[in-house]
2 protein chains.
Amino acid sequence: MSNPETDPDATLAFARHDHAHCACDTLARAEAEALRRGARLTPVRKRALEILLEAHRAMGAYEVLDRLAADGFGNQPPVAYRALEFLVDNGLAHRVRRLNAFAACMHPGEDHAPVFLICRVCDAVAEAPGAAVRVALDQAAADLGFAVERANIEALGLCPACAGADQNATA
Amino acid sequence: MSNPETDPDATLAFARHDHAHCACDTLARAEAEALRRGARLTPVRKRALEILLEAHRAMGAYEVLDRLAADGFGNQPPVAYRALEFLVDNGLAHRVRRLNAFAACMHPGEDHAPVFLICRVCDAVAEAPGAAVRVALDQAAADLGFAVERANIEALGLCPACAGADQNATA
DNA sequence: CTATGTATGTAATATCGTAACAGGTCAAGA
DNA sequence: TCTTGACCTGTTACGATATTACATACATAG
Ligand SMILES: [Zn+2]
Ligand SMILES: [Zn+2]
Ligand SMILES: [Zn+2]
Ligand SMILES: [Zn+2]
């Protein structure tokens, strides 16, 4: 369905790609989504999102805060935490609990079930499509009479590039 | 297969049950597993596990520490973190990242893929069997060439009891 | 203009987690 | 026996993450 040439795709996170375009495009979709929701993507919030979009990795709140402060915004923790909370609440970013960090959402407005794949070598973070995982999770929960409202599905392991490098080094 | 009369089962976490027996039995299996692995379940470590086993919920490291200190063990953070790390490393407890907390493993020695179901009302934490979820996760990761080594699958929602109470209150 | 809701800034503090080092125990090996 | 080394426990000190409370600014509706 999706065309890698024109469409940002989950598989891109671990692959070489035109990330400037990838980030710019995702930001545009995030702005559209904010507009649709009537959520105000103010300067701090937009800047925070831009910072998260700079790479396919998760950033700690204090790291984001330093960047915001350098850009003339406040330099106290709530500045970062509030902007990040806004982004998460509006589906423009996700919290990666395993890393105590935040990552820009690559599919804003799509009502998706994100699965985070975290490379333990290069720290890259990919947001994989997790609909099937979520279905299995809902089923497992339903078996116990539990109703899932929010889920964190996070995996630590090796991305394709680092797995390849590891094999080469071992061989 | 499993008989609820004799066998602690995942479904028990959210149900009324003889928890004294449940905890005692789980502790015995944990001790057996430690023995099998040649891991030394020393007094602090055993006491930490007992504390975690007191209820089907997750406890913060400092909460465990307070309990350990009251029992005459050290009262500095590393005391608790080391004991908990030992338990996690040896499969006798799990870390619940969403809560920055730890929970006793209900299936020590079974090589299982735990899924944590966290009730946002009563704070109960159930360790559900997650083999199917893990399979779906591995598949989603494999689609991107990612090899999963460790995973955290955690869901927040309503347990059966609290869902029932909620319905009653709303109605 | 003024009231109201929302957004931002700051100070202070709470909570969670680790590094580094000191002593104690115990068993293997000189 | 004495020593060595592995492992466990304890303490100090600190670093990292997150929130509460309050003050200020800014919009816009009445
Ligand atoms: Zn990209
Ligand atoms: Zn997303
Ligand atoms: Zn029980
Ligand atoms: Zn378990």
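So you know, we letter chains A, B, ... as the sequences are listed, proteins then strands, and number each from 1.
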Query - ring-ring contact (aromatic ring centres under 6.0 Å, His included) partners of residues 119-161 of chain A, not counting sequence neighbours, each pair once - result: Phe146(A)-Phe14(B)
Might you point out which heavy atoms bring [X] and [Y] nearest each other, and give the distance in Å?
X	Y	value
Ala113(B)	Arg134(B)	CB-CB, 3.7 Å
Ala103(A)	Leu52(A)	C-CD1, 4.1 Å
Pro108(B)	Ala30(B)	CG-N, 3.8 Å
Leu53(A)	His19(A)	O-NE2, 2.7 Å

Query raised in the report: Under the side-chain hydrogen bond (donor to acceptor under 3.5 Å, both in side chains) criterion, do Arg98(A) and Asn152(B) qualify, and how do the steps go?
Result: CA-CA 8 Å; Arg98(A) 174 140 206 149; Asn152(B) 291 92; 2.4 Å; yes
Query raised in the report: For Glu85(A), what residues pass the salt bridge (charged side-chain N to carboxylate O under 4.0 Å, His left out) criterion, not counting sequence neighbours?
Result: none
Query - In one Ile/Leu/Val/Met/Phe/Trp/Tyr side-chain cluster, 4.5 Å: Leu137(A), Leu99(B) - result: no
Query raised in the report: With distance as the sole criterion, is a donor-acceptor pair present between the side chains of Asn90(A) and Arg37(A) under 3.5 Å?
Result: yes
Query raised in the report: Does any residue of residues 94-103 of chain B have a heavy atom under 4.0 Å from DNA chain C, and if so, which ones, in number order?
Result: Arg95(B), Asn100(B)
Requested in this report: Strictly below 4.0 Å, heavy-atom distances to any atom of DNA chain C: list the hits from residues 55-88 of chain B, or just say none.
Outcome: Tyr62(B), Pro77(B), Pro78(B), Tyr81(B)
Query raised in the report: What's the CZ-P distance between Arg45(A) and dG9(C), to the nearest Å?
Result: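 For the pair Arg45(A) CZ and dG9(C) P, the rounded distance is 11 Å.
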What donor-acceptor contacts under 3.5 angstrom involve side-chain atoms of residues 60-72 of chain B, with partners at least two apart or in another chain?
from: Glu63(B); atom 1: OE2; to: Arg57(B); atom 2: NH2; distance (Å): 2.7
from: Arg67(B); atom 1: NH1; to: Glu54(B); atom 2: OE1; distance (Å): 3.0
from: Arg67(B); atom 1: NH2; to: Glu54(B); atom 2: OE1; distance (Å): 3.4
from: Arg67(B); atom 1: NH2; to: Glu54(B); atom 2: OE2; distance (Å): 2.9
from: Asp71(B); atom 1: OD2; to: Arg47(B); atom 2: NE; distance (Å): 2.5
from: Asp71(B); atom 1: OD2; to: Arg47(B); atom 2: NH2; distance (Å): 3.4

Check nucleotides 24-30 of chain D for protein N or O atoms closer than 3.5 Å to its own N or O atoms and list the pairs.
none

